[in-house]
Amino acid sequence: MKSIPPRHLRARATQHDPIGRWFVRQDTHQPESPVPLRRPGRSTVGMSSRTIQLPAPAPFELRLCLFGHGWIALPPHRFDEATQTFTTVLRLGERAVDATLRQAGPDALTLRLDDDLTAFHAVCRKAPSLRWAAKRGAGRLLRSATVFEDLMKLLFTTNTTWAGTEAMTRNLVASCTATAPSGARAFPSPQQCLRDAAFYRDVVRAGYRADAAHRLAEGFVSGRLTDEQFLRPQPAAELWDRITNLHGFGPYAAGQAMRLLGHYEELALDSWCRAQFAKRDGKKKPPADSTIAKRYAKYAPFQGLAMWLDLTAPWHGE
């Protein structure tokens, strides 16, 4: 995909109420409790729509950002390859609304449009394996509309296959929230997710993660946890302690959360990363974690981001 001229993103949605820098569609007859899921693509004739442009840094590629990691494959996100259209569902209070974007993206928070990666790209230009990242503006990883959503999805990635992550996310979304005009569902709010551990075991099929999922929702509902606590500027060590104090968040999940929150020091190594290193090195076993850390130490404070782009370069045709 080429960089987007003229350095703007086009966002098509409905209604006149902005969420951040979006304008989205709202169904005024939307029920506040879950109803049977209807097939996406339901007619939205009669809904008002509005198109806006969002300024984007140059270079910027929407698809590169969306497919930087696995969130694009999880509800409520969808991407149509034929039309290069990204669609998702957001919440306005208790109502679900659709947002549709073509050669465009969600708001600055979700697509990280405000992140300054100048220093990272300067380092990449000096590394043959990462020059492509500087040339194409890579490094912005798709983030969810809320920190709560990112953290819950990260819980569902621990000690499981990607199919397991997809199933748990799909089960939660299908069970806890209402549909948007298209028939798709938004990711549920903390209040909607405040179910007991048995719900997460039996309905979401989250296994041992059930208690952690319940505690996470309870923390956000009670106000003990807030998005602001994680998003505000703070030293990396302070944010690391905040995340690792969450039940169920070890070094891998915490490192991934740090990366989504704009701190890139942690490698967040998992079995997939280690397998890629073994494959690249032509070995049966991966190198020690300490050896991997030494390889990327020169990219500080972007070690984790440099490693991730290095391993996922084939995803982007590099």
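Residue numbers count from 1 along this sequence.
With values rounded to the nearest 0.5 angstrom, Leu130 atom CG is found 9.5 Å from His121 atom NE2. Rounding to the nearest 0.5 angstrom, the gap separating the CE atom in Met258 from the CG atom in Leu305 is 13.0 Å. Taking CD of Gln256 as the start and CD1 of Ile243 as the end, the distance is 11.0 Å to the nearest 0.5 Å. We find the CZ-OG1 distance between Arg170 and Thr165 to be 11.0 Å, quoted to the nearest 0.5 Å. In this structure, His247 NE2 and Asp211 CG are separated by 4.5 Å, a value rounded to the nearest 0.5 Å. Atom OG1 of Thr244 and atom CZ of Arg242 lie 10.5 Å apart (nearest 0.5 Å).
A distance-only check finds no donor-acceptor pair linking the side chain of Arg78 to the backbone of Pro75 [under 3.5 Å]. A donor-acceptor pair is defined here as one N or O able to donate and one able to accept, closer than 3.5 Å; no such pair exists between the side chain of Ser144 and the backbone of Thr146. At least one donor-acceptor pair under 3.5 Å links the side chain of Tyr200 to the backbone N or O of Cys193.
Among Val173, Val89, Thr88, the single residue meeting the side-chain contact (heavy atoms from CB on, under 4.5 Å) criterion with Phe187 is Val173.
Considering all non-hydrogen atoms of both residues, Ala138 and Leu117 come closest at O-CD1, 4.0 Å. Across all non-hydrogen atoms, the minimal contact from Leu155 to Gly248 is CD2-O, 3.9 Å. Residues Pro181 and Ala96 come closest through the heavy atom pair CD-O, 3.7 Å. When all heavy atoms of Arg209 and Asn159 are compared, the pair lying nearest together is NH2-O, 3.1 Å. Contact between Cys176 and Phe199 at its shortest, heavy atoms only, is SG-CZ, 3.5 Å. Scanning all heavy atoms of the two residues, the minimum distance from Val147 to Asp227 falls at N-OD2, 3.1 Å.
Taken together through direct or relayed side-chain contacts under 4.5 Å among Ile, Leu, Val, Met, Phe, Trp and Tyr, Val203 and Met168 form part of one hydrophobic cluster. No continuous path of ILVMFWY side-chain contacts below 4.5 Å connects Val204 to Val221, so the two sit in separate hydrophobic clusters. Hydrophobic clustering, with ILVMFWY side chains joined whenever heavy atoms are under 4.5 angstrom apart, keeps Leu194 apart from Leu246. Both Trp132 and Val123 belong to a common hydrophobic cluster when Ile, Leu, Val, Met, Phe, Trp and Tyr are linked at side-chain heavy-atom distances under 4.5 angstrom. Placement of Tyr208 and Leu216 in two distinct hydrophobic clusters is found when ILVMFWY residues are connected by side-chain heavy-atom separations under 4.5 Å, directly or transitively.
In this pair, Phe148 and Phe220 present their aromatic rings perpendicular. The plane angle is above 60°, beyond the 30 to 60° band.
Using a cut-off of 4.0 Å between Lys/Arg side-chain N and Asp/Glu carboxylate O, Asp80 and Arg63 are scored as not salt-bridged. Under a 4.0 Å N-O distance rule, the pair Arg224/Glu218 qualifies as a salt bridge. Between Asp270 and Arg274 there is no salt bridge, since no side-chain N of the basic residue sits under 4.0 Å from a carboxylate O of the acidic one. Between Arg259 and Asp150, none of the side-chain N atoms (NZ, or NE/NH1/NH2) sits under 4.0 Å from a carboxylate O, so this pair counts as no salt bridge.
Taking the six-membered ring wherever Trp is involved, the centroid distance between the rings of Phe79 and Phe86 does not fall below 6.0 Å.
Side-chain contact check for Tyr252 and Ser271: no donor-acceptor pair (N or O, by modelled atom type) lies under 3.5 Å.
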Please determine whether salt bridge (Lys or Arg N to Asp or Glu O under 4.0 Å) holds for the pair Asp310 and Arg280, giving the CA-CA distance in whole Å, both sets of side-chain angles, and the decisive distance to 0.1 Å. CA-CA 11 Å; Asp310 197 17; Arg280 287 167 49 140; 3.1 Å; yes
Please tabulate, for side-chain N and O atoms in residues 311-318, each donor-acceptor pair with protein atoms closer than 3.5 Å (sequence neighbours left out).
from: Thr312; atom 1: OG1; to: Trp308; atom 2: O; distance (Å): 2.7
from: Glu318; atom 1: OE2; to: Arg136; atom 2: NH1; distance (Å): 2.7

